There are 2 protein chains.
Amino acid sequence: MTDVKSALDPRRFPEAGLRQGIELLYFAYRAFTAEPDAILAHYGFGRAHHRVIYFIGRQDELTVSELLAVLQISKQSLAPILRQLRQAGLVTQLPGRRDRRQRLLRLTEKGQDLERRLSQTQRSRLAAAYGQAGPSAAEGFRQVMLGLMDPADHQRLVDMAPLESPAK
Amino acid sequence: MTDVKSALDPRRFPEAGLRQGIELLYFAYRAFTAEPDAILAHYGFGRAHHRVIYFIGRQDELTVSELLAVLQISKQSLAPILRQLRQAGLVTQLPGRRDRRQRLLRLTEKGQDLERRLSQTQRSRLAAAYGQAGPSAAEGFRQVMLGLMDPADHQRLVDMAPLESPAK
DNA sequence: CATATATGTCAATATGACTGACGTAAAATC
DNA sequence: GATTTTACGTCAGTCATATTGACATATATG
């Protein structure tokens, strides 16, 4: 199952299979972001706003530096996005309780509404794909995606129970 | 395995699992594009150039309209990219043999070199992830990605032999 | 000959990213 | 208590990638 050393042996994963993998990533990601993009366009927002809304909404309170660390963008890039979301009444800030230099970012109710609308399109698409492919394929998907990611980002994923056989 | 109807039943695919799926897509795609992006930066190119190089290189000859159909961008967006690639000596055009209005796009040798360098980083990453997760996980990944894609794009994927059990 | 198609180009616009430089407030440290 | 570091913000300039609209040209097709 985990014969990593021979992974580059073309007999195991021939050229065409790897090429198709590249294309699967491209087409799937495009489809996955299309619906949120369309919703966001109504607000004059883009994908960057979605990511900010998503990660703030995920854990209810988030400092600016945590957000920058997750997104890996510069604060100068984040600033205008956050300003727009604040002005639109989707995000609020409050000073940190322990460290008052920090700005704790939170979604307003309106922000939570939009977050749910955006994520719902992606959750439905995922649930449909999981349902079509089956739980074992879903777990395979998860394993491959984990392998593609930068391992440093593993810690950033939301916790979750395994998709199948929790007590193997 | 394919009980699609109950895919939205939260007992099958709970909130946290779907949320993690969203994050897997985001983090994996980011990691997957990071290395090519870094190589392209040396040339003053971006991800758009990569996509153009990739799809031209994939089938040796491609018309402008086929390229537009795959990428789903406007010809006004494509034009400057193609011009830069032509000027850099990576892409050439020749008039279509049947229809001389068409411009058949081809990679030069230099273009093929760059294409290989860019794709190689992605093929290696995929091969490593497939190797770590195993062939059955790789096939699960493929199935889920196919489910996420717009079905209209299925025809655009390169042909490939199934990853496992070709004669099931 | 008229029309449709394949492609190219000019202009104006927008998002989302970057770097560099500087400022402020608060916390941490010497 | 003074200094340094940290958390955050902002101003300015730049860039890549995308958009739409309008128009031009060559070729193919009816």
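Naming: A, B, ... by sequence-line order, numbering from 1 per chain. Keep in mind the model is a prediction, meaning the values are calculated, not measured. What you see below is based on every heavy atom in this structure, not just the backbone, and it leaves out hydrogens, waters and symmetry mates.
Between B:Tyr29 and A:Tyr29, the angle of the ring planes stays under 30°, which puts this pair in the parallel group of the 30/60° scheme. Note on ring orientation: taking the six-membered ring where Trp is involved, the planes of B:Phe27 and A:Phe55 are tilted (angle from 30° to 60°). Classified by interplanar angle (parallel below 30°, tilted 30° to 60°, perpendicular above 60°), the ring pair B:Tyr54/B:His50 is perpendicular.
In this structure, CD of B:Gln87 is placed 10 Å from P of C:dT9, rounded to the nearest angstrom. Separating the CD atom of B:Gln84 from the P atom of D:dA18 is a distance of 11 Å, rounded to the nearest angstrom. For A:Phe45 and C:dG16, the CZ to P distance is 9 Å, given to the nearest whole Å. The CZ atom of B:Arg86 sits 12 Å away from the P atom of C:dT7 (whole-angstrom rounding). For the pair B:Leu82 CG and C:dA6 C1', the interatomic distance rounds to 13 Å; values are reported in whole Å. Taking atom CG of A:Leu40 as the reference point, atom P of D:dA18 lies 18 Å away to the nearest angstrom. Spacing between atom CG of B:Leu71 and atom C1' of D:dT19 amounts to 15 Å, rounded to whole angstrom units. As a whole-Å value, the separation of B:Asp99 CG from C:dA4 P is 17 Å.
Counting only N and O atoms by type, the side chains of A:Gln120 and A:Arg123 include a donor and acceptor under 3.5 Å apart.
Checking C:dA26, D:dT19, D:dC11 against every side-chain atom of B:Gln76, the shortest atom distance belongs to D:dT19. Comparing C:dT7, C:dA17, D:dA18 by their closest approach to the side chain of B:Ala48 singles out D:dA18. Among the nucleotides D:dT27, D:dT17, C:dT7, the one closest to any side-chain atom of B:Ile81 is D:dT17. Closest approach to the A:Arg101 side chain among C:dA25, C:dC18, D:dT27 is made by C:dA25 (side chain taken as heavy atoms from C-beta onward). When distances are taken from the side chain of B:Lys75 to each of D:dA22, D:dC8, C:dG8, the shortest belongs to C:dG8.
For the pair A:Arg51 and C:dA17, the criterion of a side-chain N or O lying under 4.0 Å from OP1 or OP2 is met. At C:dA26, one or more side-chain N or O atoms of A:Arg100 fall inside 4.0 Å of OP1 or OP2 (strictly under the cut-off). The phosphate of C:dC18 has OP1 or OP2 within less than 4.0 Å of a side-chain N or O from A:Ser74. For the pair B:Ser65 and C:dT5, the criterion of a side-chain N or O lying under 4.0 Å from OP1 or OP2 is not met. For C:dT15, the OP1/OP2 oxygens have no side-chain nitrogen or oxygen of A:His49 closer than 4.0 Å.
Among the protein residues, A:Gly96 comes within range of no part of the nucleic acid, since none of its heavy atoms lies under 4.0 Å from any strand. Nucleic acid contact for B:Gln93: sugar-phosphate only, since backbone atoms but no base atoms lie under 4.0 Å from a heavy atom of the residue. Contacts of B:Ser77 with the nucleic acid, taken as non-hydrogen atoms under 4.0 Å apart, include base atoms.
Of all non-hydrogen atoms in B:Gly89 and B:Lys110, the two that sit nearest each other are O-CB, 3.8 Å.
Projected onto DNA chain C by closest heavy-atom contact, A:Arg98 and A:Gln72 fall at different nucleotides, the more 5' of which corresponds to A:Gln72. Nearest-nucleotide positions on DNA chain D place A:Leu104 closer to the 5' end than the other of A:Leu104 and B:Leu78.
Under the side chain to side chain contact (heavy atoms under 4.5 Å, CB included) test applied with B:Ile56, the options B:Leu104, B:Thr92, B:Val91 reduce to a single match, B:Val91.
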